[in-house]
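Read through the structure below, which is laid out as structure tokens, and then see the notes.
For ligands, and for the atoms within them, numbers begin at 1 and follow the listed sequence. Index from 1, following the sequence.
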Amino acid sequence: MKVILFGATGMVGQGVLRECLLDAGVESVLSVGRSPGGQQHAKLREILHDNFLDFAAIESQLAGYDACFFCLGVSSLGMDEARYRNLTYDITMAAATILAKLNPQMVFIYVSGQGTDSTESGRLMWARVKGKTENDLLKLPFKAAYMFRPAGIQPLHGIRSKTAWVQTIYVVAAPLLSLLNRVAPNYMTTTEQIGRAMIRVARDGYPKPVLESEDINRL
Ligand SMILES: NC(=O)c1ccc[n+]([C@@H]2O[C@H](COP(=O)([O-])OP(=O)(O)OC[C@H]3O[C@@H](n4cnc5c(N)ncnc54)[C@H](OP(=O)(O)O)[C@@H]3O)[C@@H](O)[C@H]2O)c1
């Protein structure tokens with residue numbers, strides 16, 4: 001399986017990258033990012049790109065892939081709807097639209113989050129925007145698309161969040177999170193479980209397009 005990864009420098013993306021590099025069934029990983037990941041590996045190639053609303057300049061390098069793991073995303077904290085929508089919906093759809101055109105056999109997996117609002121009309125701004133993003137991704141002509149909706153995510157293997165307040169919470173609450181992961185799989189998963197689940201879903205499919213924490217942990 002040849003994989004394109006977005007968000008490889010982030011907390012979720014670092015976890016997904018780790019599992020891809022460890023999995024013998026993943027032949028290669030192309031990471032598309034705006035900053036270097038700082039990792040070297042025989043299976044890993046990196047493209048640095050600065051305009052995530054327009055991928056025309058690197059289009060020729062995005063064909064021939066079996067799966068895209070889209071882990072790029074931002075927290076909505078302190079952002080107005082227009083800005084959050086630009087960084088969430090517009091970037092994701094710009095990337096996914098070109099990938100669907102170039103790779104009709106691709107499986108596309110998007111990380112949204114627990115509580116995402118498929119009706120696009122609820123009270124929570126972030127949930128509406130992620131809901132619209134999910135809904136429109138599911139309409140693109142991929143072989144299949146899956147929406148991962150994790151709740152809490154425990155970073156493992158030294159992985160850190162790029163968002164300072166998120167990282168602080170994870171460090172302070174680490175023992176509680178380990179416990180929660182065991183006793184409340186509906187509310188907690190790990191970067192390792194997400195990475196492994198993405199690879200399995202891309203390879204074998206899943207009975208439904210939206211996967212909650214419990215689905216991710218079961219895989
Ligand atoms: N962390 C959680 O507990 C959690 C829980 C549920 C859902 N999620 C979702 O999972 C996704 C990833 O979260 P995360 O915790 O991994 O975030 P993170 O650690 O903050 O990483 C964000 C990633 O997105 C990239 N990125 C952000 N803005 C960008 C832009 N304008 N252009 C290009 N790249 C950009 C970052 O690249 P740079 O390195 O260049 O900044 C980084 O690779 C998000 O959609 C989030 O809502 C997270």
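Within the structure, the ring pair (Phe, Tyr, Trp, His ring centres under 6.0 Å) test picks out the following pairs touching residues 137-167 (sequence neighbours left out): F108-F142. Listed by first and then second residue, the side chain to side chain donor-acceptor pair (under 3.5 Å) pairs involving residues 47-57 amount to none (not counting sequence neighbours).
By the side-chain contact (heavy atoms from CB on, under 4.5 Å) test, D80 pairs with A82, R83, sequence neighbours left out.
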Item to complete: Take S75 and W126 through the side chain to side chain contact (heavy atoms under 4.5 Å, CB included) test and state the conclusion after the steps.
Response: CA-CA 8 Å; S75 163; W126 74 265; over 6 Å; no
Every pair of nitrogen or oxygen atoms between ligand 1 and the protein that is under 3.5 angstrom apart - can you list them with their distances to 0.1 Å?
residue: ligand 1; atom: 3 (O); partner: Y170; partner atom: OH; Å: 2.4
residue: ligand 1; atom: 16 (O); partner: M11; partner atom: N; Å: 3.0
residue: ligand 1; atom: 16 (O); partner: V12; partner atom: N; Å: 2.8
residue: ligand 1; atom: 19 (O); partner: M11; partner atom: N; Å: 2.9
residue: ligand 1; atom: 19 (O); partner: K162; partner atom: N; Å: 3.1
residue: ligand 1; atom: 20 (O); partner: T163; partner atom: OG1; Å: 3.0
residue: ligand 1; atom: 24 (O); partner: G73; partner atom: N; Å: 3.4
residue: ligand 1; atom: 31 (N); partner: R34; partner atom: NH1; Å: 3.3
residue: ligand 1; atom: 37 (O); partner: T9; partner atom: OG1; Å: 3.3
residue: ligand 1; atom: 39 (O); partner: T9; partner atom: OG1; Å: 2.4
residue: ligand 1; atom: 39 (O); partner: S35; partner atom: OG; Å: 3.4
residue: ligand 1; atom: 39 (O); partner: K162; partner atom: NZ; Å: 2.7
residue: ligand 1; atom: 40 (O); partner: R34; partner atom: NE; Å: 2.8
residue: ligand 1; atom: 40 (O); partner: S35; partner atom: OG; Å: 2.8
residue: ligand 1; atom: 41 (O); partner: R34; partner atom: NH2; Å: 2.9
residue: ligand 1; atom: 43 (O); partner: G7; partner atom: O; Å: 3.3
residue: ligand 1; atom: 43 (O); partner: T9; partner atom: OG1; Å: 2.6
residue: ligand 1; atom: 43 (O); partner: G10; partner atom: N; Å: 3.1
residue: ligand 1; atom: 45 (O); partner: K130; partner atom: NZ; Å: 2.6
residue: ligand 1; atom: 47 (O); partner: K130; partner atom: NZ; Å: 3.0

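Side-chain polar atoms of D66 and Q105 form no donor-acceptor pair below 3.5 angstrom. Neither side chain, Q114 nor S213, offers a donor N or O lying under 3.5 Å from an acceptor on the other.
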